[in-house]
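Just below is one structure, and these are the notes that go with it.
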Amino acid sequence: MQIPSSLKILRIDLMDSDKVLTLAKRRGFLWPSSEIYGGIAGFYDYGPLGSTMKRNIEDIWRRYYVLGEGFAEISSTMISPEEVFVASGHVKEFLDFLVECTKCGEVFRADHMVRDFEPNADALSAGELAAIIDRENVVCLRCKGTLSSPKPFNLMFELGIGAGLKGGRKGYLRPETAQGIFTNFGLLYRHFREKMPFGVVQIGRGFRNEISPRQGVIRLRELNMAEAELFIKSEDDSWPKYQELSGEKLTLVPNEGEMVSISLGEAVEKGIIKKQVLGYFVALTQKFLVDVGVDPEKLRFRQHLKDEMAHYAADCWDAEAKTSFGWVELVGVADRTCYDLQGHIDHSKQDLRAFERYEEATEVEKKKVIVKPEVLGPKFKKDAGKIKMALEGMNPEDLAGKDSVTVNVDGKNFEVEKDCFVLDTVKEKISGERYVPNVIEPSYGIDRIFYTVLEHAYHEEDDYVTLRLDSRIAPISVGVFPLMAKSELIDKAKPIDDKLRSKGIMTYYDESGSIGRRYARMDEVGTPFCITVDYDTLKDDGVTIRDRDTKEQARVKITEILEVLGRLLEGKVALVDLAI
RNA sequence: GCGGCUGUGAUCUAGUCUGGUUAGGAUUGAAGCUUCCCAAGCUUCCUGCCCGGGUUCAAAUCCCGGUGGCCGCACCA
């Protein structure tokens with residue numbers, strides 16, 4: 001039977017993901033969570049090698065953001081009270097209204113069902129959606145059955161915090177780490193000694209009650225994320241380190257127009273990427289991803305479509321990697337504007353603004369309404385306070401020359417005579433201005449990056465599997481073997497192993513089975529180098545260092561191992577150059 | 001969440017249709033032998049029918065429910 005070529009490719013690709021996931025399970029990278037109880041969709045445990053490799057990826061990420069960009073790392077709670085997510089918009093926006101067919105049970109998104117009648121369907125309330133469905137007689141797309149009323153489905157996990165008959169205070173598991181940074185903005189602003197711009201990062205878990213988790217770790221309900229929030233002055237799109245990356249070649253898929261392959265500098269000049277600072281972090285993201293092992297040939301940046309944007313974002317570029325699951329979003333670089341901070345200002349009544357000092361303070365003369373409390377008080381008694389506030393908020397020009405003025409407080413009108421206040425001109429010193437900072441957010445999905453790195457590192461030749469992981473990512477750096485399990489060789493090999501570990505190099509000591517089998521074990525988990533003590537070692541104090549990818553060997557004196565390995569692991573020298 | 005397919009040691013798989021020995025094999029793993037540099041060979045060993053009900057004298061096998069996986073639809077702020 002003839003199989004269409006497109007299907008053939010699909011089949012082969014699917015087999016690839018199976019192979020990678022099977023290897024990941026067998027060798028302790030990824031394990032389905034709670035497997036002895038049947039497992040649970042959307043949850044994965046990181047095994048011993050996986051935990052280490054994940055940490056290695058996170059450490060390199062820290063190198064970029066904390067050391068490289070000077071961002072500060074915090075670790076905020078995973079549980080927050082409801083108010084946080086009301087302010088962030090997640091309670092209202094992080095949900096879909098679903099309608100169910102009362103006849104066949106098919107479930108649809110309510111806003112999709114009324115899209116033809118209402119251009120702004122996703123902004124409607126349950127009641128409004130129900131009204132349109134009723135009015136337009138919208139029925140099930142599949143069987144024409146009657147639809148249920150719209151029911152909200154929020155993707156956040158809800159919690160009751162503490163005891164109490166009502167189940168305690170309502171809270172949620174965070175769907176993103178970002179809110180912990182925004183709620184701490186005031187303290188962070190102080191930490192940075194009120195100097196703008198500044199950045200804050202957080203590596204941690206987020207939780208989303210996905211309707212249909214699938215594809216291994218690509219869509220999880222408990223996920224690992226690394227997020228950076230860069231606070232900048234509103235409208236200021238420059239970035240001091242921009243020039244350093246402006247030559248970086250990017251593959252861009254803008255939401256209008258064709259896919260292009262151009263430098264960051266050109267992309268910003270041509271207006272494909274609107275802001276320098278956003279572009280900088282797109283390019284930085286590319287450097288990071290390629291650094292940890294994402295194949296640059298399988299990497300692109302795609303701009304979100306207008307209707308695809310999250311509720312808080314004005315612009316967003318996703319880093320997408322080609323995997324056997326198709327193009328997978330690894331990172332989102334979003335312009336969140338001042339949405340989040342403004343939301344928290346509105347809901348918490350706290351001042352979460354930054355202050356920018358002018359180079360020179362200016363003095364302005366200003367007319368002001370100055371209330372005489374000793375006159376106003378006795379006249380209006382308990383209403384006096386509110387009337388005072390209202391008066392002071394009025395435009396002095398409107399009060400000039402009038403005998404009395406009508407003030408509306410809480411729906412009641414009060415006639416206030418001119419003896420209650422005076423109009424005066426005061427000098428005011430203005431030394432700067434306050435503004436709500438804008439936020440640029442690069443948000444990394446660690447689990448997806450982890451998987452992509454595994455898949456892009458996976459090599460198979462004649463059923464022999466090698467993970468070509470970067471030496472800084474590989475969970476084990478060096479295998480240490482005696483050629484045979486003989487005491488004279490073991491006595492030489494063990495101290496080498498101890499020495500390397502004491503210097504912080506992750507090793508794996510192995511004396512069982514044939515030497516080839518031991519190399520194969522290490523190749524399969526991506527260990528870049530293996531050291532073997534052989535019978536010649538007893539005579540010349542030399543050992544062989546073997547390279548995972550080329551299988552070449554070099555002979556090195558035991559006393560020089562540490563120095564040589566240091567250079568090899570940092571990628572500063574290739575083993576072939578040491579070979580003798 | 002709906003529908004289809006599916007679940008046998010860590011991995012791959014035979015057996016399931018047609019119920020009936022101690023569930024067979026391979027890989028991996030462990031212990032050992034072998035001067036052993038690329039999954040060599042030999043010996044020995046560990047580990048399994050997704051879970052729960054039901055039918056039956058008897059269930060890996062048939063039925064029902066749950067659950068995991070894959071695929072399609074929907075979803076993916």
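This one's a predicted model, so the numbers in the text were calculated from it and none came from an experiment. Protein chains get the first letters and strands the later ones, always in sequence-line order, with residue 1 at the start of each. What's counted below: heavy atoms across the whole structure, side chains too, no hydrogens, waters or symmetry copies.
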B/S/- contact track for nucleotides 41-52 of chain B, protein heavy atom under 4.0 Å: ------------
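- Using a 4.0 Å heavy-atom distance criterion, A:Arg219 is classed as a base contact.
- Residue contacts for A:Gly89: at a heavy-atom cut-off of 4.0 Å it reaches no nucleic acid atom on any strand shown.
- Judged purely by atom type and a 3.5 angstrom limit, A:Arg501 uses its side chain to pair as donor or acceptor with the backbone of A:Thr507.
- The nucleotide B:G52 finds its pairing partner in B:C64, both defining distances of the Watson-Crick or G-U wobble pair being shorter than 3.5 Å.
- Pair assignment for B:C70: B:G4, on the basis of Watson-Crick or G-U wobble contacts that are both within less than 3.5 Å.
- Judged by atom type and distance alone, A:Arg546 reaches the base of B:C38 through a side-chain donor-acceptor pair under 3.5 Å.
- At a threshold of 4.0 angstrom between heavy atoms, the contacts of A:Asp534 include nucleobase atoms, whether or not backbone atoms are also involved.
- Comparing B:U8 with B:C2, their C1' atoms sit 29 Å apart, to the nearest whole Å.
- Of the candidates B:A30, B:G1, B:A40, B:G1 carries the atom nearest the A:Ser212 side chain, counting heavy atoms from C-beta on.
- For B:C37, the base has a donor-acceptor partner in the side chain of A:Gln553 [N/O atoms by modelled type, under 3.5 angstrom].
- A donor-acceptor pair under 3.5 Å is absent between the side-chain atoms of A:Lys92 and the main chain of A:Ala87, judged by distance alone.
- To the nearest 0.5 angstrom, A:Met484 atom CE is 8.0 Å from A:Leu489 atom CG.
- Distances from the side chain of A:Ile211 to the nucleotides B:A39, B:C76, B:G1 place B:G1 closest.
- Minimum atom distance to the side chain of A:Lys486 is reached by B:U35, of the listed B:C37, B:U35, B:A39.
- Closest-nucleotide positions on RNA chain B for A:Leu155 and A:Val465 were compared, and the one nearer the 5' end corresponds to A:Val465.
- Summarising the base pairing, B:A23 is matched to no nucleotide, lacking a Watson-Crick or G-U wobble pair whose two defining distances lie under 3.5 Å.
- Checking B:C36, B:C38, B:A10 against the side-chain heavy atoms of A:Met484 singles out B:C36 as nearest.
- The backbone N or O of A:Phe529 sits nowhere less than 3.5 Å from a side-chain atom of A:Arg548 that would complete a donor-acceptor pair.
- At least one side-chain nitrogen or oxygen of A:Lys25 sits closer than 4.0 Å to the OP1 or OP2 atom of B:U11.
- Remark: A:Lys54 is not positioned above the aromatic ring of A:Phe450, lacking an NZ or CZ atom under 6.0 angstrom from the ring centre and at most 45 degrees off the axis.
- Under the Watson-Crick or G-U wobble criterion, with both distances below 3.5 Å, B:C42 is paired with B:G32.
- Across the P atoms, B:G48 and B:A23 are found 12 Å apart, a figure rounded to whole Å.
- Nucleotides B:C42 and B:U34 are separated by 9 Å at their C1' atoms, to the nearest Å.
- Within 4.0 Å (heavy atoms only), A:Ile40 reaches sugar-phosphate atoms of the nucleic acid but no base atom.
- Comparing the P positions of B:A10 and B:C76 gives a spacing of 37 Å, expressed to the nearest Å.
- Within residues 439-449 of chain A, no residue has a heavy atom under 4.0 Å from RNA chain B.
- No cation-pi contact links A:Arg302 to A:Trp317, judged by a cut-off of 6.0 Å to the six-membered ring centre and 45° from its axis.
- Residue contacts for A:Gln215: at a heavy-atom cut-off of 4.0 Å it reaches the sugar-phosphate backbone alone, with no base atom in range.
- In this model, a donor atom of one side chain and an acceptor atom of the other lie less than 3.5 Å apart for A:Thr532 and A:Tyr519.
- At a threshold of 4.0 angstrom between heavy atoms, the contacts of A:Thr22 are confined to the sugar-phosphate backbone, with no base atom among them.
- Set against B:G68, B:A39, B:C76, the side chain of A:Glu524 has B:A39 as its closest nucleotide.
- No contact: A:Tyr37 has no heavy atom under 4.0 Å from any strand.
- At least one donor-acceptor pair closer than 3.5 Å links the side chain of A:His456 to the backbone N or O of A:Lys322.
- No N or O donor and acceptor, one from the side chain of A:Arg214 and one from the base of B:C76, sit under 3.5 Å apart.
- Ring to ring, A:Phe481 and A:Tyr509 are not that close: their centroids are 6.0 angstrom or more apart.
- In this structure, A:Gly216 reaches the sugar-phosphate backbone alone: every heavy-atom distance under 4.0 Å involves primed, P, OP1 or OP2 atoms, never a base.
- Nucleotides B:A60 and B:C50, compared at atom C1', are 12 Å apart to the nearest Å.
- Pairing for B:C75 is absent, with no Watson-Crick or G-U wobble pair whose two atom distances lie under 3.5 Å.
- Considering only side-chain atoms of A:Leu483, the nucleotide from B:G68, B:C37, B:G1 that sits closest is B:C37.
- Donor-acceptor pairing under 3.5 Å is recorded for the side chains of A:Ser324 and A:Glu455.
- Of the candidate nucleotides B:C37, B:G29, B:A39, B:C37 has the atom nearest to the side chain of A:Tyr519.
- Side-chain atoms of A:Asn154 and A:Glu158 include no donor-acceptor pair closer than 3.5 Å.
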